[in-house]
Amino acid sequence: MTDPQIRIRTAREGDLARIAQLAARLVRQHHAFDARRFLLQEPVERGYEWWFNRELPREGALILVAERGEEILGYTYSTIEERDWNLLLDAHAGLHDIYVDDDARGLGIGGLLLDATIAELAKRGAPRLVLMSASQNT
């Protein structure tokens with residue numbers, strides 16, 4: 001059952017340090033899956049905070065957070081993309097990151113984040129959502 005105190009909202013600049021911490025965990029997890037495939041450039045947190053600070057105001061980017069009180073427990077990062085001939089994709093949204101803090105798993109937060117992300121991307125006109133997952137990510 002989902003905790004009724006969990007709230008999903010659009011990220012703000014003041015959230016970026018915490019989101020970068022969570023993103024760094026995701027990066028390290030993927031790097032551990034396959035170090036030749038997934039880049040690990042330390043300090044990951046600083047790099048992600050820089051990246052998300054750049055993405056936050058961009059019209060085609062969407063960063064959502066799940067919070068309980070003042071604590072950010074998870075996030076999603078997605079973008080709306082044009083046709084991509086390299087990937088053979090027509091206009092679409094890409095869900096690049098979805099991550100929930102280890103201590104907050106099992107509360108339904110991932111589902112809430114995913115539902116809110118899909119709804120917001122649809123509202124923004126995304127005709128489809130594409131995501132990739134590492135095969136080791138069960």
Side-chain angles (χ1 to χ4, degrees):
M1 178 168 195
T2 303
D3 184 335
Q5 296 178 347
I6 303 296
R7 186 173 75 114
I8 308 298
R9 64 168 174 79
T10 304
R12 300 184 289 255
E13 189 174 339
D15 302 328
L16 295 182
R18 173 63 174 152
I19 296 168
Q21 289 176 341
L22 297 172
R25 292 179 193 166
L26 182 61
V27 168
R28 290 184 179 106
Q29 175 185 20
H30 281 89
H31 184 74
F33 289 159
D34 185 349
R36 292 185 306 164
R37 161 59 182 91
F38 295 102
L39 169 75
L40 179 61
Q41 182 68 45
E42 295 290 358
V44 179
E45 291 83 355
R46 190 173 340 147
Y48 252 103
E49 191 169 354
W50 171 85
W51 176 256
F52 286 145
N53 191 54
R54 184 176 158 251
E55 287 292 276
L56 194 60
R58 195 169 69 81
E59 186 176 324
L62 175 64
I63 305 171
L64 298 181
V65 297
E67 67 179 0
R68 181 175 48 212
E70 299 297 314
E71 183 182 13
I72 293 175
L73 303 173
Y75 79 99
T76 60
Y77 164 58
S78 53
T79 57
I80 296 178
E81 305 291 341
E82 297 178 0
R83 179 175 289 152
D84 185 327
W85 286 95
N86 190 46
L87 295 175
L88 298 177
L89 286 171
D90 209 341
H92 65 285
L95 177 57
H96 306 293
D97 295 355
I98 181 168
Y99 190 83
V100 175
D101 194 1
D102 292 342
D103 294 336
R105 293 190 181 164
L107 301 175
I109 294 170
L112 291 173
L113 279 166
L114 184 59
D115 290 346
T117 299
I118 291 168
E120 182 60 29
L121 291 168
K123 191 168 28 170
R124 293 182 182 196
R128 67 194 53 80
L129 176 62
V130 177
L131 67 96
M132 293 182 209
S133 178
S135 60
Q136 302 93 324
N137 189 355
T138 58

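Heads up: numbering here begins at 1 and tracks the sequence. Values below: every heavy atom of this structure, side chains too, minus hydrogens, waters and symmetry copies.
Using a cut-off of 4.0 Å between Lys/Arg side-chain N and Asp/Glu carboxylate O, E45 and R28 are scored as salt-bridged. With salt bridges taken as basic N to acidic carboxylate O contacts below 4.0 Å, none links E81 and R128.
Rounding to the nearest 0.5 Å places CZ of R54 at 12.5 Å from CG of L56. Taken to the nearest 0.5 Å, the CD1 atom of I109 stands 4.0 Å off from the CD1 atom of I6. Here the CD1 atom belonging to I80 is positioned 8.5 Å from the CD atom belonging to E120, to the nearest 0.5 angstrom. We find the CZ-CG distance between R18 and D101 to be 4.5 Å, quoted to the nearest 0.5 Å. The structure places CG of D34 at 10.5 Å from NE2 of H30, a figure rounded to the nearest 0.5 Å. To the nearest 0.5 angstrom, L26 atom CG is 10.0 Å from I98 atom CD1.
Counting heavy atoms from C-beta outward, R83 and L89 have side chains that stay 4.5 Å or more apart. Using a 4.5 Å heavy-atom threshold, the side chains of T76 and D97 count as separate. In this structure, V44 and R46 have side chains that are not in contact, with every pair of non-hydrogen atoms separated by 4.5 Å or more. Side-chain contact between H92 and L129 is absent, with no heavy atoms from C-beta onward closer than 4.5 Å. For the pair I19/Y48, no side-chain contact is recorded, criterion being any heavy-atom separation below 4.5 Å from C-beta on. For the pair E67 and R9, the minimum side-chain heavy-atom distance is below 4.5 Å.
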task = Could you walk me through whether L113 and Y75 pass side-chain contact (heavy atoms from CB on, under 4.5 Å), step by step?
result = CA-CA 7 Å; L113 279 166; Y75 79 99; 5.6 Å; no
task = Would you check, one step at a time, whether the test side-chain contact (heavy atoms from CB on, under 4.5 Å) holds for R68 with L107?
result = CA-CA 11 Å; R68 181 175 48 212; L107 301 175; 3.7 Å; yes
query = When you look at L95 and V130, which way does the side-chain contact (heavy atoms from CB on, under 4.5 Å) test go after all the steps?
reply = CA-CA 6 Å; L95 177 57; V130 177; over 6 Å; no
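Remark: aromatic rings of F38 and F33 are distant, center separation not under 6.0 Å.
Using a distance-only test at 3.5 Å, with no hydrogens or angles considered, no donor-acceptor pair links the side chain of D115 to the main chain of L112.
Note on L22 and L131: separate hydrophobic clusters, where clusters join Ile, Leu, Val, Met, Phe, Trp and Tyr whose side-chain heavy atoms are under 4.5 Å apart, directly or indirectly.
Residue pairs satisfying the ring pair (Phe, Tyr, Trp, His ring centres under 6.0 Å) criterion with at least one member in residues 105-138, sequence neighbours excluded, are absent.
Considering every non-hydrogen atom in both A93 and A126, the closest pair reads CB-CB, 3.7 Å. Taking all atoms of both residues into account, the shortest heavy-atom contact from V100 to G110 is CG2-N, 3.7 Å.
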Check: residues 58-65 side-chain donor-acceptor pairs under 3.5 Å, at least two apart:
residue, atom, partner, partner atom, Å
R58, NE, E55, OE1, 3.4
R58, NE, E55, OE2, 2.9
R58, NH2, E55, OE1, 3.0

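Heavy-atom neighbours of E42 CD from other residues, nucleotides or ligands within 6.0 Å: above the threshold of 12.
At a cut-off of 3.5 Å, with distance as the only test, no side-chain donor of S78 or H96 sits close to an acceptor on the other residue.
For the pair R105 and Y99, the cation sits on the ring face: its NZ or CZ lies under 6.0 Å from the ring centre, inside 45° of the axis.
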